[in-house]
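All figures in this text were calculated on a predicted structure; none of them were measured in a lab. Residue numbers begin at 1 in each chain, while the letters A, B, ... track the order of the sequences.
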2 protein chains.
Amino acid sequence: MTTTDGNALVDDLAARIRAMIMSGEIPIGAPLRQAELATQFGISRTPVREALRQLQTGGLIEVVPNRGAVVRVPVPWEVREAYEVRAELEALAARRAVDRLDDASIAELRAVNTAMYERSIRIAAGEQVETGGVDNDQFHTLIYRAAGNTRLGRLLTELNDAFPRNVSALVLRDNSRHREENFREHEELIEAFVAGEHDRAAELMRQHVSSAGEHLAHWYERRSSTVFTG
Amino acid sequence: MTTTDGNALVDDLAARIRAMIMSGEIPIGAPLRQAELATQFGISRTPVREALRQLQTGGLIEVVPNRGAVVRVPVPWEVREAYEVRAELEALAARRAVDRLDDASIAELRAVNTAMYERSIRIAAGEQVETGGVDNDQFHTLIYRAAGNTRLGRLLTELNDAFPRNVSALVLRDNSRHREENFREHEELIEAFVAGEHDRAAELMRQHVSSAGEHLAHWYERRSSTVFTG
DNA sequence: CGCTCCTTGATTGGATACAATCAATAGCAG
DNA sequence: CTGCTATTGATTGTATCCAATCAAGGAGCG
């Protein structure tokens, strides 16, 4: 439910390109040539241009005036900035969600959290698991959907889409301590929801997102060297 | 300083159209025809399309797939939603600004606040005053510039640009009580900055923005009837 | 040998032509 | 007079063409 519809083809296109960047199919720093994308999708350059512009305003790609677009290489301080803001907004979402989460939604939160946890354990054990389905974003999305503020939801989505690759899928997969931490923090949060404690829910969420941002920034710090060297 | 440059012509175009909407030159609910705007600016439809899409993602205009774009009619609950978020973000900006505002910036804040206050008094007295220069947005912009978080600044700008017409210029002009209130709240805020009180600055800002949002929502409520009847 | 300037190739930016879509309305049947 | 359908006009959506721009590389000069 985006407030203004726009154009279906262009929006789909933007979403597909975004997904390709997020999944790593189009790597960080790679150039995005309009003609190339156009032939690849079997359409003209015109809608591709608009889709790229859309991604540009989101900050996912960088457009140099007559030289083309590249997937943005996130600088750690940008990640920290974004997550400082995100912590505040998610805290607001959590506070608002306290009074709006019904029993079914609480159950869904628990289900998503445990499913995600068990899945990540299986992955860590080397087992091959289907990638789709539950993930970390879904947990948070459930909360800010419940918050019932569309503007808030839009801004959080925008922040989520600002950096390539999926936070949970990579950071959580690489580090078992963070995985445990993530699961426990989500559980505490659910407890606060059930208990109806607004301030506690907000504060827990703030802390949770802050530390997640710190982990992600570190991930990009480590990553940046490998990106540039090869 | 927008992080990604994009295209100068299109960005300027979007800014000009936005300004025309903000100032009321293009009224709320008016259709924005691509061909019309193109001839008006002496260019082709292509950049106009991109500029409109840009305004659309900002939420200022609404685009119906094959029927054209119109200036969005703000619904009061949307204003309330946006200002609830904005209150949180401006509170964060104020908290961060406490440690980063030097004496010169404090002096500038005071100057802008008093200048704005005196100007609004002269306007209320019926005097004709040049419209440009200091205004309410400038006061707030100074603060979130000082906050030193570019992402935060971008989001706040985005929120500011989401609704037609200038908040201060209209709401403050119409109501002397709000004018006094606004001036006093700004002064208190500056006191908190000078005293270095993080929590107080954040809380004052939160309250200040909240009440401003309430005023604006009321303004749109009253306005909506006149818009629809003619 | 190094520096400058010009050419050239690749790519985006803008203009225009054409197709698709939708709402309004006129015409017709019942 | 009412309801349905086909046509039409206006507008956006897409494709294609040409111009503008920039970086890289090579020729010529000091």
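Judged by distance alone, with hydrogens and angles left aside, the side-chain atoms of E221(B) form no donor-acceptor pair with the main-chain N or O of P76(B) at under 3.5 Å.
Every residue was checked against the side chain to side chain donor-acceptor pair (under 3.5 Å) condition with S210(A), not counting sequence neighbours, and none meets it. Here R95(B) pairs with D199(B) under the salt bridge (charged side-chain N to carboxylate O under 4.0 Å, His left out) rule; sequence neighbours left out. Under the side chain to side chain donor-acceptor pair (under 3.5 Å) criterion, N149(B) pairs with no residue, sequence neighbours left out. Judged as a salt bridge (charged side-chain N to carboxylate O under 4.0 Å, His left out), and not counting sequence neighbours, R45(A) has no contacts. E25(A) meets the salt bridge (charged side-chain N to carboxylate O under 4.0 Å, His left out) test with no other residue; sequence neighbours excluded. E90(B) meets the side chain to side chain donor-acceptor pair (under 3.5 Å) test with R86(B), H140(B); sequence neighbours excluded. Under the salt bridge (charged side-chain N to carboxylate O under 4.0 Å, His left out) criterion, E108(A) pairs with no residue, sequence neighbours left out.
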In B/S/- notation, 5' to 3', how is nucleotides 11-24 of chain D contacted by protein heavy atoms closer than 4.0 Å?
-> SBBBBB----SSS-
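Comparing the axis of the opening five pairs of the helix from dC1(C)-dG30(D) to dG30(C)-dC1(D) with that of the closing five pairs yields an angle of 10°, rounded to 10°.
Taking atom CG of D12(B) as the reference point, atom P of dG13(C) lies 14 Å away to the nearest angstrom.
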